[in-house]
Trainee: 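First the structure, which I've put down as structure tokens, then a few questions once you've had a look.
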Amino acid sequence: MIKAVIFDMDGVIIDSEIEYLKRDLEFARKKNPSVKLEDLFGMVGSSRKDAWTYMAQAVNTGETWEELRNQYYQSRDVFSELDYRAIFRPEIRGILDELQSMGLKLALASSTQLDLIQRVLRENEISHYFPIVVSGAQFERSKPDPEIYQFTAAQLGLPESECLAIEDSSFGVTAASRAGMKIAALIDPRFHFDQSLADYQMEKLTEIPGIVRELMEG
């Protein structure tokens, strides 16, 4: 029986991953013009350290992930550049209303830092849907490590088996699977994510309520 739905943020609530990757690629090609977009796919859904370790491997300049990340953020404020209302998936509000009407608990678990999560929720006026918000920055290792999902389930007061995770990236799906949760993954052909561990693959987020009903009836 599913009693809670836990949402990822990037790639699910907001279509941010391609925007971040475009800027990451621009930076990487200044270091190494041969870097391709697919070389950076490992950054998607990763914690800060893991994401920039992929960048260091892609550019292969001998610089550490910390050095590269510091250079990147000294040259631009990517978070200020993005309009998080423009990349918000508007169907989310109706989905959240429907899930609440079904008596489900809601939470958000994202690898992104907490202040940015709160900004996205605030600017899109959906903070009130999520009494529990968890950031991967709270843990030594975020996704694909299951701790973020284990912690979120504990905050909800539920066993992991009673939670449905809404994910998209390979790392997010793996984290939820390792935590023992049911998983509905949003298909995104741009990134070739491995979603083989997901229980459901969705073409559209509006499939979520139907999946929840199926799990509740089962």
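Remember, it's a predicted structure, so these values are computed and weren't measured experimentally.
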Trainee: Just wondering, do Trp52 and Met43 contact through their side chains at under 4.5 Å, heavy atoms?
Mentor: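 Yes, their side chains come closer than 4.5 Å.
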Trainee: If we check side-chain contact (heavy atoms from CB on, under 4.5 Å) with Leu106, which of these qualifies: Ile132, Val5, Ile6, Ile126?
Mentor: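 By the side-chain contact (heavy atoms from CB on, under 4.5 Å) criterion, Leu106 pairs with just one of Ile132, Val5, Ile6, Ile126: Val5.
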Trainee: Tell me whether Glu67 contacts the main-chain N or O of Thr64 through its side chain, where contact means a donor paired with an acceptor under 3.5 Å.
Mentor: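 Yes: the side chain of Glu67 pairs with the backbone of Thr64.
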Trainee: Go through it in stages, so that I can follow the logic: the residues are Tyr54 and Asp39, the test is side-chain hydrogen bond (donor to acceptor under 3.5 Å, both in side chains), and I'd like the CA-CA distance, side-chain angles, deciding distance and then a yes or no.
Mentor: CA-CA 8 Å; Tyr54 276 101; Asp39 295 331; over 6 Å; no
Trainee: Here's a test for you: under side-chain contact (heavy atoms from CB on, under 4.5 Å), which of Ser110, Ser111, Ser127 qualifies with Ile117?
Mentor: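 Among Ser110, Ser111, Ser127, the one meeting side-chain contact (heavy atoms from CB on, under 4.5 Å) with Ile117 is Ser110.
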Trainee: Counting only heavy atoms not in Lys3, do more than 12 sit closer than 6.0 Å to its NZ atom?
Mentor: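 No, because the 6.0 Å sphere around NZ of Lys3 holds 12 heavy atoms or fewer from other groups.
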Trainee: Okay, side chain of Ser170, backbone of Phe193: is any donor-acceptor separation there less than 3.5 Å?
Mentor: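 It does not hold such a pair.
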Trainee: Report the C-alpha separation of Asp10 and Tyr20 in whole Å, then their side-chain angles, then the decisive distance to 0.1 Å, and conclude whether the side chain to side chain contact (heavy atoms under 4.5 Å, CB included) test is met.
Mentor: CA-CA 10 Å; Asp10 290 292; Tyr20 291 140; 3.5 Å; yes
Trainee: Closer than 4.0 angstrom, basic N to acidic O: yes or no for Glu17 and Arg190?
Mentor: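 Answer for the salt bridge query: no.
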Trainee: Can you classify the ring geometry of Phe41 versus Phe191 as parallel (below 30°), tilted (30 to 60°) or perpendicular (above 60°)?
Mentor: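 Perpendicular: the ring planes of Phe41 and Phe191 meet at over 60°.
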Trainee: State which residue, out of Asp168, Asp8, Leu197, fulfils the side-chain contact (heavy atoms from CB on, under 4.5 Å) condition with Val173.
Mentor: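 Answer after filtering Asp168, Asp8, Leu197: Leu197.
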Trainee: Just checking Arg48: does its CZ atom have more than 12 heavy atoms from other residues, nucleotides or ligands closer to it than 6.0 angstrom?
Mentor: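 No, the 6.0 Å shell around CZ holds no more than 12 heavy atoms from other groups.
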Trainee: One thing to verify: whether Asp145 and Arg178 come together as a salt bridge, which I'm taking to mean a side-chain N less than 4.0 angstrom from a carboxylate O.
Mentor: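 A salt bridge is absent here (no side-chain N lies under 4.0 Å from a carboxylate O).
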Trainee: Taking Asp50's backbone N and O only, do any of them form a donor-acceptor pair with Arg141's side chain (distance below 3.5 Å, no angle check)?
Mentor: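 Side chain of Arg141 to backbone of Asp50: no pair is present.
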Trainee: When rounded to the nearest 0.5 angstrom, what distance separates OG1 in Thr206 from CD1 in Ile92?
Mentor: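 Answer rounded to 0.5 Å: 10.0 Å.
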Trainee: Salt bridge between Lys22 and Glu19, side-chain N to carboxylate O under 4.0 Å?
Mentor: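 Judged by the 4.0 Å cut-off on N to carboxylate O distance, Lys22 and Glu19 do form a salt bridge.
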Trainee: Is Asn32 reaching over with its side chain to a backbone N or O of Val59, donor-acceptor style, under 3.5 angstrom?
Mentor: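 Yes, Asn32 side chain to Val59 backbone: donor-acceptor pair under 3.5 Å.
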Trainee: Identify the two heavy atoms, one from Val133 and one from Gln138, that lie closest to each other, and give their separation to 0.1 Å.
Mentor: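 The pair with the smallest heavy-atom distance is O-OE1, 4.2 Å.
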Trainee: Please evaluate residues Phe7 and Phe130 with respect to the criterion side chain to side chain contact (heavy atoms under 4.5 Å, CB included), reporting the C-alpha separation (whole Å), side-chain torsions for both, the decisive distance (0.1 Å), and the verdict.
Mentor: CA-CA 9 Å; Phe7 283 79; Phe130 297 106; 3.9 Å; yes
Trainee: Tell me, please, which residues at least two apart from Glu38 pass salt bridge (Lys or Arg N to Asp or Glu O under 4.0 Å).
Mentor: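 For Glu38 there are no salt bridge (Lys or Arg N to Asp or Glu O under 4.0 Å) partners, ignoring immediate neighbours.
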Trainee: What is the distance from atom CZ of Arg119 to atom OG1 of Thr112, rounded to the nearest 0.5 Å?
Mentor: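 Interatomic distance, Arg119 CZ to Thr112 OG1, rounded to 0.5 Å: 12.0 Å.
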Trainee: Where is the tightest heavy-atom contact between Glu160 and Ala153, given as atom of each residue plus distance?
Mentor: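 Nearest heavy atoms, Glu160 then Ala153: CG-CB, 3.9 Å.
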Trainee: Look at the side chain of Ser101 and the backbone N and O of Glu98, then say whether any donor-acceptor pair between them is shorter than 3.5 Å.
Mentor: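 Between the backbone of Glu98 and the side chain of Ser101 there is a qualifying donor-acceptor contact (under 3.5 Å).
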Trainee: Got a salt bridge between Glu91 and Lys204, using NZ or NE/NH1/NH2 to carboxylate O under 4.0 Å?
Mentor: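 Salt bridge flag = no for Lys204 with Glu91.
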Trainee: Tyr200 and Glu214: side-chain hydrogen bond (donor to acceptor under 3.5 Å, both in side chains), yes or no, with the steps?
Mentor: CA-CA 11 Å; Tyr200 300 88; Glu214 181 180 326; 3.1 Å; yes
Trainee: Got a sec: does the CD of Glu81 have more than 12 other heavy atoms crowding it under 6.0 Å?
Mentor: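 Enclosed.
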Trainee: I'd like to know if the side chain of Lys31 and the backbone of Ala58 have a donor-acceptor N/O pair within less than 3.5 Å.
Mentor: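 Answer holds: no.
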Trainee: Backbone N or O of Ala4 within a donor-acceptor pair of the Glu162 side chain at under 3.5 Å?
Mentor: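 Checked: no pair found.
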